[in-house]
Student: 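Just dropping this structure here.
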Protein chains: 2
Amino acid sequence: MNSFESTAQYLKEKGIKPSYQRVRVLDYMLQNKNHPTVDMLYSALSPEIPTLSKTTVYNTVNLFLEKGVVQLIGIDEQEMRYDADITTHAHFKCDRCGRILDLRLNSEGAIFQGIEGLKIREIQFYLKGLCQECQAVKKV
Amino acid sequence: MNSFESTAQYLKEKGIKPSYQRVRVLDYMLQNKNHPTVDMLYSALSPEIPTLSKTTVYNTVNLFLEKGVVQLIGIDEQEMRYDADITTHAHFKCDRCGRILDLRLNSEGAIFQGIEGLKIREIQFYLKGLCQECQAVKKV
DNA sequence: GTATCTGCAAAACATTTGCAATTCT
DNA sequence: AGAATTGCAAATGTTTTGCAGATAC
């Protein structure tokens, strides 16, 4: 089974119809683990899929988000990034080259792998969910 | 010494000329620890400072960022938020009411205070700085 | 009186929306 | 044919920029 077919199969399992564009977008993310922006996806795929539009890339990543195929990475202030690795892990963005590295966590939740040699300037830790008051509100 | 004057003094110490608008913006952030967006700052202060413009609020928060008076909080996908508390701490955003709560860290770096009762849906952990290769590059 | 600061209007982007054309089954 | 998908064009909303007038020292 080639890469295209296995990616299409993965989308089917996630409840997404594997159109050509969708499979190519996810395939790109699985092969280049570079946490791409919509623009990066469009620029990379557009030469090979000349009719591709940015709207379709937006539609696709939003559908992927909704279905839990990718996670949103807000590390960038200007543009959103997307990650097909949906396991819990931290991200490091280099101020100079802009690259985004993955950092794995150890069982205690302390940073474990890949942090050696990095010069940390800023740390951001976000949690999202429901606060106590909002959990008490009846669902409509 | 009243609140306005001590805030002005604080700005001077940080190397910022304490114009009326700047002092009022920082004063608002110190008194309402609500991690405001530019729009929240503008809406709150505009009635009392009728000539205030959004451009000035943007200028002000960007100057504050540059001088280390506030930190940028990217927890919101649509708008940036700003925090006059520049100590290291985590943030929690409620999906329903949109409020942002502060979470203090204990000495081991594990979450400590305020997390009880929250229903966590998503965790984002970002670090920024210089990667190994970029540290090796000579400064121009 | 000269620097700086403010604020209006316009520009610059990232993202979304409306809708018509295309594609798939 | 019918339903879903794609993609163009226009709209939306946040943030930045250019510049002229106001303010401060």
Side-chain angles (χ1 to χ4, degrees), chain A residues 4-5 7-9 11-12 14-28 35-67 69-82 98, chain B residues 4-5 7-9 11-12 14-28 35-67 69-82 98:
Chain A
F4 186 94
E5 276 171 30
T7 302
Q9 182 57 36
L11 282 176
K12 261 187 237 172
K14 290 281 193 169
I16 296 173
K17 207 182 281 187
S19 77
Y20 181 70
Q21 289 88 335
R22 287 169 182 170
V23 176
R24 290 298 306 270
V25 167
L26 182 54
D27 218 38
Y28 176 89
H35 317 85
T37 62
V38 163
D39 199 69
M40 285 163 74
L41 288 165
Y42 176 77
S43 300
L45 294 172
S46 182
E48 295 177 39
I49 316 172
T51 65
L52 185 68
S53 82
K54 239 176 209 181
T55 304
T56 297
V57 181
Y58 275 108
N59 287 341
T60 300
V61 292
N62 284 335
L63 180 68
F64 286 178
L65 262 184
E66 214 177 275
K67 298 286 187 178
V69 171
V70 299
Q71 61 174 311
L72 190 62
I73 305 191
I75 198 171
D76 223 296
E77 274 131 43
Q78 345 275 349
E79 293 172 283
M80 286 298 147
R81 290 171 169 271
Y82 302 88
Chain B
F4 186 94
E5 277 171 29
T7 302
Q9 183 55 37
L11 281 177
K12 262 187 237 171
K14 290 281 192 168
I16 296 173
K17 208 181 282 187
S19 77
Y20 181 69
Q21 288 88 338
R22 288 169 182 170
V23 176
R24 290 299 305 271
V25 167
L26 183 55
D27 219 39
Y28 176 88
H35 317 85
T37 63
V38 164
D39 198 70
M40 284 162 74
L41 288 166
Y42 177 77
S43 300
L45 295 172
S46 183
E48 294 175 39
I49 316 172
T51 65
L52 185 67
S53 82
K54 242 179 207 179
T55 304
T56 297
V57 181
Y58 275 108
N59 288 340
T60 300
V61 293
N62 283 335
L63 180 68
F64 286 178
L65 261 184
E66 216 176 274
K67 299 285 187 179
V69 172
V70 299
Q71 61 175 312
L72 189 63
I73 306 190
I75 197 171
D76 223 297
E77 274 131 45
Q78 347 274 347
E79 290 173 285
M80 286 297 147
R81 289 171 169 271
Y82 301 88

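Below, read A as the first sequence line, B as the second, and so on, with proteins coming before strands; counting in each chain starts at 1. In this text the structure is predicted, and so the values were computed from the model without any measurement.
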Student: Taking all atoms of both residues into account, what is the closest heavy-atom pair of Ser46(B) and Leu52(B), and its distance?
Tutor: N-CD2, 4.2 Å
Student: Contact boundaries of DNA chain C with chain A (under 4.0 Å, heavy atoms), 5' to 3'?
Tutor: dA14(C) to dT17(C)
Student: First locate atom CD1 of Ile49(B), then atom OH of Tyr28(B), and finally report the distance between them rounded to the nearest 0.5 Å.
Tutor: 12.0 Å
Student: Give a yes or no on whether the backbone of Ile73(A) and the side-chain of Arg81(A) come within a donor-acceptor separation of less than 3.5 Å.
Tutor: no
Student: Name the nucleic acid region contacted by Asn62(B), choosing base, sugar-phosphate or nothing; use a 4.0 angstrom heavy-atom cut-off, strictly under.
Tutor: sugar-phosphate
Student: Pick the closest DNA chain D nucleotide for Lys17(B) and for Gln78(B) by heavy atoms, then say which residue is nearer the 5' end.
Tutor: Gln78(B)
Student: How long is the span from the CD atom in Gln71(A) to the NE2 atom in His35(A), to the nearest 0.5 Å?
Tutor: 8.0 Å
Student: Taking all heavy atoms of Leu72(B) and all of Leu65(B), pick out the closest pair and write down the distance.
Tutor: N-CD2, 3.6 Å
Student: Tell me which nucleotide, if any, is Watson-Crick or G-U wobble paired with dA3(C) when both distances must be under 3.5 Å.
Tutor: none
Student: Need the pair for dT23(D). Rule: Watson-Crick or G-U wobble, both distances under 3.5 Å, any strand; none if unpaired.
Tutor: none
Student: Please list residues of residues 49-59 of chain B whose heavy atoms come under 4.0 Å from any atom in DNA chain D, ordered by number; otherwise none.
Tutor: Thr55(B), Tyr58(B)
Student: For DNA chain D, whose closest nucleotide is more 5', that of Tyr42(A) or that of Leu63(A)?
Tutor: Leu63(A)
Student: Are more than 12 heavy atoms, taken from residues, nucleotides or ligands other than Lys14(A), located less than 6.0 Å from that residue's NZ atom?
Tutor: yes
Student: Run the side chain to side chain donor-acceptor pair (under 3.5 Å) test against Glu77(B) and tell me which residues pass, sequence neighbours left out.
Tutor: Lys128(A)
Student: Can you run down the side-chain hydrogen bond (donor to acceptor under 3.5 Å, both in side chains) pairs that involve residues 56-66 of chain B, sequence neighbours left out, and say none if there aren't any?
Tutor: Ser53(B)-Thr56(B)
Student: For Pro36(B) and Leu41(B), which heavy atoms make the closest approach, and how far apart are they?
Tutor: CG-CD2, 3.7 Å
Student: Taking all non-hydrogen atoms of both residues, which atom of Val69(A) and which atom of Ile16(A) are closest, and how far apart?
Tutor: CG2-CD1, 3.8 Å
Student: With a 4.0 angstrom cut-off to heavy atoms of chain B, pull out the first and last contacting nucleotide of DNA chain D, in 5'-to-3' order.
Tutor: dT14(D) to dT17(D)
Student: Output every pair passing salt bridge (charged side-chain N to carboxylate O under 4.0 Å, His left out) with a member in residues 45-54 of chain B, not counting sequence neighbours, ordered by first then second residue.
Tutor: Arg24(B)-Glu48(B), Asp39(B)-Lys54(B)
